[in-house]
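Since the structure is predicted, the reported quantities are computational estimates derived from the model, not experimental observations.
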There are 2 protein chains.
Amino acid sequence: MTETMTVTETQTTSAGVDTCASAPRPHPRPEGQDRYTISEVAAFTGLSAHTLRWYERIGLMSHVDRSHTGQRRFTNADLDWLGFVGKLRLTGMPVADMVRYAELLREGDHTFDERKELLEATRRDVRTRIAELQDTLAVLDYKIEFYAGAQRAPERPSA
Amino acid sequence: MTETMTVTETQTTSAGVDTCASAPRPHPRPEGQDRYTISEVAAFTGLSAHTLRWYERIGLMSHVDRSHTGQRRFTNADLDWLGFVGKLRLTGMPVADMVRYAELLREGDHTFDERKELLEATRRDVRTRIAELQDTLAVLDYKIEFYAGAQRAPERPSA
DNA sequence: TAGAACCCTGGAGTGCACTCTAAGCAAGCG
DNA sequence: CGCTTGCTTAGAGTGCACTCCAGGGTTCTA
């Protein structure tokens with residue numbers, strides 16, 4: 001099952017509003033092919049095959065290409081999209097909202113503005129969350145500092 | 001389940017290791033009293049009364065003081081603790097882990113080191129999460145920039 | 001002293017994001 | 001040829017963090 005880790009830079013180069021290629025590199029993309037089995041994609045993304053099928057079922061991925069026997073064959077564009085979805089997932093964005101964005105993409109040009117607004121709202125959320133986390137970090141620093149200080153003091157001589 | 005350990009007035013011995021008062025001001029604390037009803041605490045914390053009772057049930061709060069008729073009377077120390085829990089919640093820490101920390105506190109001085117380690121591990125997680133979010137932010141910036149650019153220069157004819 | 005508004009408990013229910021099951025098809029191999 | 005492995009589907013199950021309910025007691029206000 002181990003694939004070669006030869007990263008051969010793929011990058012779909014459509015000049016328009018395509019399904020989203022991330023700025024830098026999204027994933028340790030394997031070879032330069034363009035048809036991956038579900039287990040390969042599972043390995044690359046860290047998602048389970050179950051989850052990948054479920055993503056398609058709920059519309060978080062548009063219908064994935066199939067082999068002549070009906071097996072899924074994911075493309076590099078699919079991997080790009082999954083990379084982006086992975087980022088959004090880290091922000092805590094509900095899956096339903098990501099599905100909404102995916103639908104907007106499928107609906108075409110007339111959803112351009114709505115997509116942009118959705119991304120901007122997401123960005124605001126991310127900034128807020130970063131601020132919250134930094135606040136939390138300060139609290140943790142304070143407490144850990146306290147523990148460190150108390151350790152120097154007479155009490156509980158630990159191992 | 002958590003029973004015994006009746007105590008839990010306003011707090012533990014140790015010159016230092018108390019139930020945790022955050023560095024600055026944790027919440028818009030109301031008046032200077034020290035006995036709040038559950039609905040007051042719900043209002044201050046943003047948590048529901050249901051959730052507050054549930055927190056106590058699972059041991060995320062040590063047994064809350066009661067009025068002579070059995071109604072909960074939260075103290076300022078409880079509010080401090082809830083403020084800290086709120087911070088931890090923002091980090092995505094599982095409730096079970098917070099319960100673990102609460103248990104360590106109740107167990108007393110000999111858990112000092114374990115508590116410190118838990119906080120340090122949490123801090124590492126928070127730093128990691130902040131880094132991830134900043135990464136995500138970069139992707140969002142890139143995409144939004146793209147949308148902004150495409151808007152100025154309308155091309156993109158396909159469906 | 002009534003009625004509204006609040007609080008109590010144990011336990012059941014909800015929503016989300018998976019995660020797994022069952023039953024079956026398809027390809028590679030000794 | 002049968003075995004193993006990997007894939008397919010619809011649908012059921014899981015774990016988490018709440019969230020609510022039923023059936024009662026309490027407290028505040030008029």
Listed by chain and number, what are the side chain to side chain contact (heavy atoms under 4.5 Å, CB included) partners of [X], not counting sequence neighbours?
X        : value
B/His68  : none
A/Thr128 : A/Glu132
A/Ala42  : A/Leu52
A/Asp125 : none

message: Under the salt bridge (charged side-chain N to carboxylate O under 4.0 Å, His left out) definition, can you give me all pairs with a residue in residues 42-51 of chain A, not counting sequence neighbours?
response: none
- prompt: Reading nucleotides 1-16 of chain C 5' to 3', which nucleotides get B (base under 4.0 Å from a protein heavy atom), which S (sugar-phosphate only), which -?
  reply: -----SSSBBB-----
message: Let me spell it out: for each of B/Ser67 and B/Trp54, pick the nucleotide of DNA chain D with the closest heavy atom. Which residue's pick is nearer the 5' end?
response: B/Trp54
- prompt: Do the side chains of B/Leu47 and B/Tyr55 get nearer than 4.5 Å, heavy atoms only?
  reply: yes
Rounded interatomic separation in angstrom, taking [atom1] from [X] and [atom2] from [N]:
X       : N      : atom1 : atom2 : value
B/Ile58 : D/dT19 : CD1   : C1'   : 14 Å
A/Leu47 : C/dA17 : CG    : C1'   : 12 Å
A/His68 : C/dA26 : NE2   : P     : 9 Å

- prompt: Taking OP1 and OP2 of C/dC18, is either one under 4.0 Å from a side-chain nitrogen or oxygen of A/Tyr55?
  reply: yes
